[in-house]
Trainee: 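Submitted below is the structure of interest, expressed as structure tokens.
Just so it is clear, the model here is predicted, and its values are computed rather than measured. A note on names: the letters A, B, ... follow the listed sequences, proteins ahead of strands, and every chain is numbered from 1. What's counted below: heavy atoms across the whole structure, side chains too, no hydrogens, waters or symmetry copies.
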Number of protein chains: 2
Amino acid sequence: MSKREGARNLQSKLRPIINYSLTDQVETKLLELFKKEDLRNGDAIPKENELCEAMGVSRTVIREALTRLKTIGLIESKKNKGMILTEPDLLIGLDKLLQPKILSEETLQDMFEMRLVLEMGIAELLFARIKPADIADLKAILKTEKDYPALFEMDFEARFHGRIYEIARNNTLVRFQSMLLPIFKYVHDKGLKLKDEELPKNYVTHALIVKAIETGNAEKYRDAMKRHLKIHFDKTIKMRKLLE
Amino acid sequence: MSKREGARNLQSKLRPIINYSLTDQVETKLLELFKKEDLRNGDAIPKENELCEAMGVSRTVIREALTRLKTIGLIESKKNKGMILTEPDLLIGLDKLLQPKILSEETLQDMFEMRLVLEMGIAELLFARIKPADIADLKAILKTEKDYPALFEMDFEARFHGRIYEIARNNTLVRFQSMLLPIFKYVHDKGLKLKDEELPKNYVTHALIVKAIETGNAEKYRDAMKRHLKIHFDKTIKMRKLLE
DNA sequence: ATTATGTATTATGTATTACATATTATATTT
DNA sequence: AAATATAATATGTAATACATAATACATAAT
């Protein structure tokens, strides 16, 4: 039995000690408190000094735990008023993290695919909620793209596809996809570049997608969208095989 | 013009002063530093005291800014070693936020729909990556569900649908959907309860979905899934109309 | 010479105290 | 009664000191 194996064997008998810091404990206690007291959105929470006394720790620790909760958007503090529970923004912090340099290849690929999944999956909600005025809007957007040459022009993509989610009336998705797009572009650009002549012959433009929306149904929309995104699908499938 | 309107009018001319706290500024500066220095995953960042001196603020402020970055998973600190940049977990903090009580009806609905969208949109990736062994796995899961009576049995749903995402080989989605499911269940349960006899006649079970996967293609899968999720689609469309 | 143990150093974690500052409520002035 | 000054309050910031865990280095034992 090697030294390392010996250590592991010992570990299985003793189990390593996990040392939760005071801040960790306070954070947990605070979350428990909110739950126990059934505090809602907008309700005030105890003052820092009250928390110090109640938990028997320094204000430093209390404040660090509170800072964490503020960071995830669970509470808000006003200079004299104290602190209140807030409706947290699920996408908070995401904008700071969704940057190519700090994410692994793996995660970037995951996000790339997530956008593809969303574009395809939105169809049902889109058709359930679309109104005539929305189609007019989409057509207006098309006009501004008249000489739409490039395969992936950020601004165009953001506006057009963003509008799709707006029509589907899901605000979280609207915001999420707008955060996703820069990542998508990055992964796209980094991947194997296609020469112009390699562009798929039957490339589906936004205009064709609008047509599918106007005259078709969920399946037709998806068929158009799938072809619009074809090279991206091809690319991610190729990439994922390389990562394996 | 009311007093309030007057104030608003004045505001449009003057624009309120936004007062970034020291911590805010330090946080921004830190992020800039990481970018400027092109720091990567695992790289060490300056010591707290060095940062204090460099920026001319107290360690209190530095530490509060650092706590924020730790909270979103951007850096990690070791007791004597100092701090390093880490690959942030995009889903960090989400588990603390994805709780019915602290989210608005609107956001809950958004999340409910997001799951529906993902289940439908995953089809392409699923079929691009599925292997024979995966189908066997799915069938094994079916066996454990043999007397699958309920419309939405958390554990079954989590295992079956989770496996779908695993097959699609997107780890972030796997984890995301597992966090999403409790929310989904909550929204589902809260909504109008269906009596047994109201259950759709042609309710599609997991078994039928597996069949669609085994013998079909993306469209067939989606058709099955759409019918499997039909009452949920119906419900969310009804709900959203109520919210308008 | 090698291994185990003791020691010093280092950087983060926690505690304490003090003061600054913005907001609210109260008191005062006109 | 309305405008203004004042006090009280709770968070934001600063400074200092010490605790503690991890590492490197020195030392002693075999």
Side-chain angles (χ1 to χ4, degrees), chain A residues 1-4 6-7 10-11 14 16-30 33 39 42-71 73-86, chain B residues 2-4 6-7 10-11 14-30 33 39 42-71 73-86:
Chain A
M1 184 161 59
S2 79
K3 211 166 179 183
R4 183 116 216 137
L10 224 185
Q11 195 180 30
L14 286 174
I17 293 175
I18 350 168
N19 190 3
Y20 291 104
S21 72
L22 286 179
T23 304
D24 290 335
Q25 297 174 48
V26 169
E27 186 192 355
T28 305
K29 287 242 178 198
L30 284 174
L33 178 73
L39 295 185
D43 288 350
I45 66 175
K47 313 305 173 196
E48 293 180 352
N49 283 324
E50 294 171 7
L51 293 171
C52 293
E53 263 194 78
M55 302 207 218
V57 294
S58 74
R59 206 178 141 213
T60 310
V61 169
I62 296 286
R63 275 183 65 82
E64 184 168 338
L66 290 172
T67 296
R68 290 187 188 173
L69 300 184
K70 285 180 213 169
T71 304
L74 200 59
I75 61 176
E76 244 174 40
S77 57
K78 290 258 164 110
K79 189 110 189 203
N80 75 322
K81 232 335 218 185
M83 293 170 292
I84 57 169
L85 277 181
T86 56
Chain B
S2 77
K3 211 166 179 180
R4 183 118 217 135
L10 224 185
Q11 194 180 31
L14 285 175
R15 284 269 154 247
I17 293 176
I18 350 170
N19 189 1
Y20 290 105
S21 71
L22 286 179
T23 304
D24 290 335
Q25 298 174 48
V26 168
E27 186 192 354
T28 305
K29 286 241 178 199
L30 284 173
L33 178 73
L39 294 184
D43 289 349
I45 66 175
K47 312 305 173 196
E48 293 181 353
N49 284 324
E50 294 171 6
L51 293 171
C52 292
E53 263 195 78
M55 301 207 218
V57 295
S58 75
R59 207 177 140 214
T60 310
V61 170
I62 296 286
R63 276 183 66 80
E64 185 167 339
L66 289 171
T67 296
R68 291 186 189 173
L69 300 185
K70 285 180 212 169
T71 304
L74 200 61
I75 62 176
E76 244 175 39
S77 57
K78 290 258 163 110
K79 189 110 188 200
N80 75 323
K81 239 317 222 196
M83 294 170 293
I84 58 169
L85 278 181
T86 58

Trainee: Please report the interatomic distance CG(L22(B)) to CD(E64(B)), rounded to the nearest 0.5 Å.
Mentor: 10.0 Å
Trainee: Where do V57(A) and Q25(A) land on the side chain to side chain contact (heavy atoms under 4.5 Å, CB included) test, with the steps shown first?
Mentor: CA-CA 11 Å; V57(A) 294; Q25(A) 297 174 48; over 6 Å; no
Trainee: So which heavy atom on G73(A) is nearest to which on T86(A), and how close?
Mentor: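 Looking at all heavy atoms of both residues, the shortest contact is O-OG1, 2.8 Å.
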Trainee: Taking atom C1' of dG13(C) as reference, at what distance in whole Å does atom CD of E76(B) sit?
Mentor: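 Nearest whole value for this atom pair: 16 Å.
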Trainee: Could you list the residues that satisfy side-chain hydrogen bond (donor to acceptor under 3.5 Å, both in side chains) with D43(A), not counting sequence neighbours?
Mentor: none
Trainee: Starting at CE of M83(B), measure out to CG of L69(B) and round the result to the nearest 0.5 Å.
Mentor: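 If we round to the nearest 0.5 Å, M83(B):CE and L69(B):CG are 9.5 Å apart.
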Trainee: Please confirm whether the shortest side-chain N or O distance from R63(B) to OP1 or OP2 of dG13(C) is below 4.0 Å.
Mentor: yes
Trainee: As an exercise, state the distance from CD1 of I45(A) to CG of L30(A), rounded to the nearest 0.5 Å.
Mentor: 6.5 Å
Trainee: Name the stems that DNA chain D belongs to, where each is three or more consecutive Watson-Crick or G-U pairs with both distances under 3.5 Å?
Mentor: C:1-30 with D:1-30
Trainee: If the condition is side-chain hydrogen bond (donor to acceptor under 3.5 Å, both in side chains), which residues does S21(A) pass it with, not counting sequence neighbours?
Mentor: D24(A)
Trainee: Roughly how many Å is it from CG in L22(A) to P in dT16(C), rounded to a whole number?
Mentor: 11 Å
Trainee: Determine, step by step, whether K70(A) and T67(B) satisfy the side chain to side chain contact (heavy atoms under 4.5 Å, CB included) criterion, reporting the C-alpha distance in whole Å, the side-chain angles of both residues, the deciding distance to 0.1 Å, and the verdict.
Mentor: CA-CA 11 Å; K70(A) 285 180 213 169; T67(B) 296; over 6 Å; no
Trainee: I'd like a table of atom pairs between the protein and nucleotides 7-11 of chain C - only N or O on both sides, under 3.5 Å - with the distance next to each one.
Mentor:
{"unit_1": "dA11(C)", "atom_1": "O4'", "unit_2": "N80(B)", "atom_2": "O", "d": "2.9"}
{"unit_1": "dA11(C)", "atom_1": "N3", "unit_2": "K79(B)", "atom_2": "O", "d": "3.4"}

Trainee: With sequence neighbours excluded, give me every side chain to side chain donor-acceptor pair (under 3.5 Å) pair touching residues 50-61 of chain A.
Mentor: E48(A)-R59(A)
Trainee: Tell me: CD1 of I84(A) to C1' of dA10(D), nearest whole Å?
Mentor: 14 Å
Trainee: Hey, is the side chain of T23(B) poking within less than 4.0 Å of OP1 or OP2 on dT13(D), counting only N and O atoms?
Mentor: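 The answer is yes; a side-chain N or O of T23(B) sits under 4.0 Å from OP1 or OP2.
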Trainee: For DNA chain D, find the residues of residues 53-62 of chain A with a heavy-atom distance under 4.0 Å and give them by number; none if there aren't any.
Mentor: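 Residues of residues 53-62 of chain A that come under 4.0 Å of DNA chain D are, in numerical order, R59(A).
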Trainee: Do you know the tightest heavy-atom contact between I62(A) and C52(A)?
Mentor: CG1-SG, 3.8 Å
Trainee: In whole angstrom, give the distance that lies between atom CD of E64(A) and atom C1' of dG12(D).
Mentor: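 From E64(A) CD to dG12(D) C1': 16 Å.
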Trainee: Tell me which one of L51(A), L66(A), V61(A) satisfies side chain to side chain contact (heavy atoms under 4.5 Å, CB included) with V26(A).
Mentor: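 The residue from L51(A), L66(A), V61(A) that satisfies side chain to side chain contact (heavy atoms under 4.5 Å, CB included) with V26(A) turns out to be V61(A).
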